[in-house]
Trainee: 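Have a look at this one.
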Amino acid sequence: QVQLVESGGGLVQVGGSLRLSCAASGRTFSSYYMGWFRQAPGKEREFVARISWRGDNKYYVDSVKGRFAISRDSGKNTVYLQMNSLKPEDAAVYYCAAQMGMVLPTQPNAIDYWGKGTLVTVST
């Protein structure tokens, strides 16, 4: 069992940056594949990025490649999403996700654990 708490969302101008954090409770953080999804109003939740147990394997949706970076700090039980060059279409609620014992799926209905989300608003 793991509990996930996101933070770092807020209002940012187009082209700006934000860093989201996801603090995980539990003793086996290193056993979880971690990732981020997002959901804009009226749209389905979509995969954004994931990172492997040791942080050596990362995967991104095409729309954020080169702009977003996922990382994890096992000492702090925290996963991060650095978001640069933000666009209006990046505005959404961002959710942290965790998967036990397997690669984090890109389909939201297959995810084991979710945080409650943090809102990112991008102003023009």
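None of these values were measured; they are calculated from a predicted model. Basis for what follows: all heavy atoms, side chains included, without hydrogens, waters or symmetry-related copies.
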Trainee: Tell me, do Thr118 and Tyr95 make a side-chain contact under 4.5 Å, heavy atoms counted?
Mentor: no
Trainee: Decide, yes or no, whether a salt bridge links Asp62 with Lys65 under the criterion of side-chain N to carboxylate O below 4.0 Å.
Mentor: yes
Trainee: Establish, yes or no, whether a centroid distance under 6.0 Å links the rings of Trp53 and Tyr33.
Mentor: yes
Trainee: Compute whether any side-chain donor of one residue and acceptor of the other, for Ser25 and Gln3, lie under 3.5 angstrom apart.
Mentor: yes
Trainee: Can you find a pair of side-chain heavy atoms, one from Leu18 and one from Val120, that are under 4.5 Å apart?
Mentor: yes
Trainee: Quick one, Tyr80 and Ile70 - any side-chain contact, counting heavy atoms below 4.5 Å?
Mentor: no
Trainee: In the structure I gave you, are the side-chain heavy atoms of Ser31 and Met100 within less than 4.5 Å of one another anywhere?
Mentor: yes
Trainee: Would you compute the distance between atom CZ of Arg72 and atom OG of Ser21 and round it to the nearest 0.5 angstrom?
Mentor: 14.0 Å
Trainee: Would you say Gln99's side chain and Ala110's backbone share a donor-acceptor pair under 3.5 angstrom?
Mentor: yes
Trainee: At their closest point, which heavy atom of Ala98 faces which heavy atom of Val2, and how far apart are they?
Mentor: CB-CG1, 4.1 Å
Trainee: With side chains defined as the heavy atoms from C-beta onward, is the minimum distance between Thr121 and Val12 less than 4.5 Å?
Mentor: no
Trainee: Do Val14 and Pro88 have side-chain heavy atoms sitting under 4.5 Å apart?
Mentor: yes
Trainee: At what distance, to the nearest 0.5 angstrom, does CE of Met34 lie from SG of Cys22?
Mentor: 4.5 Å
Trainee: Between Val5 and Tyr32, is there shared hydrophobic-cluster membership here, with clusters defined by ILVMFWY side-chain heavy atoms closer than 4.5 Å?
Mentor: no
Trainee: Within a reach of under 6.0 Å around CD of Glu89, are more than 12 heavy atoms found that belong to other residues, nucleotides or ligands?
Mentor: yes
Trainee: What about Phe37 and Phe47, are their ring centers closer than 6.0 Å?
Mentor: yes
Trainee: Does any non-hydrogen side-chain atom of Ile111 lie less than 4.5 Å from one of Pro105?
Mentor: yes
Trainee: Please report the shortest heavy-atom distance between Leu11 and Ser123, naming the atom on each side.
Mentor: CD1-CB, 4.0 Å
Trainee: Using modelled atom types only, decide if a donor and an acceptor are shared between the side chain of Arg54 and the backbone of Ser30 within a distance under 3.5 Å.
Mentor: no
Trainee: Compare every heavy atom of Gln82 with every heavy atom of Asn84, then report the nearest pair and how far apart it is.
Mentor: OD1-NE2, 2.9 Å
Trainee: Heavy atoms only: give me the nearest Ala91-Ala40 pair and the separation to one decimal.
Mentor: O-CB, 3.7 Å
Trainee: Under 4.5 Å between any side-chain heavy atoms of Val103 and Arg50, yes or no?
Mentor: yes
Trainee: Taking all non-hydrogen atoms of both residues, which atom of Lys58 and which atom of Ile51 are closest, and how far apart?
Mentor: CE-CD1, 3.8 Å
Trainee: Which pair of non-hydrogen atoms, one from Val79 and one from Cys96, has the smallest distance, and what is that distance?
Mentor: CG1-SG, 3.8 Å
Trainee: Between the side chains of Tyr94 and Arg38, is a donor N or O closer than 3.5 angstrom to an acceptor N or O?
Mentor: yes
Trainee: So how far is it from Arg67 CZ to Met83 CE, rounded to the nearest 0.5 Å?
Mentor: 9.5 Å
Trainee: To the nearest 0.5 Å, how far apart are OH in Tyr113 and CG in Leu104?
Mentor: 13.0 Å
Trainee: With rounding to the nearest 0.5 angstrom, report the NZ to OG1 distance, Lys87 to Thr124.
Mentor: 15.0 Å
Trainee: Can you see whether Thr78 engages Asp73 through a side-chain donor-acceptor pair at a distance of less than 3.5 angstrom?
Mentor: no
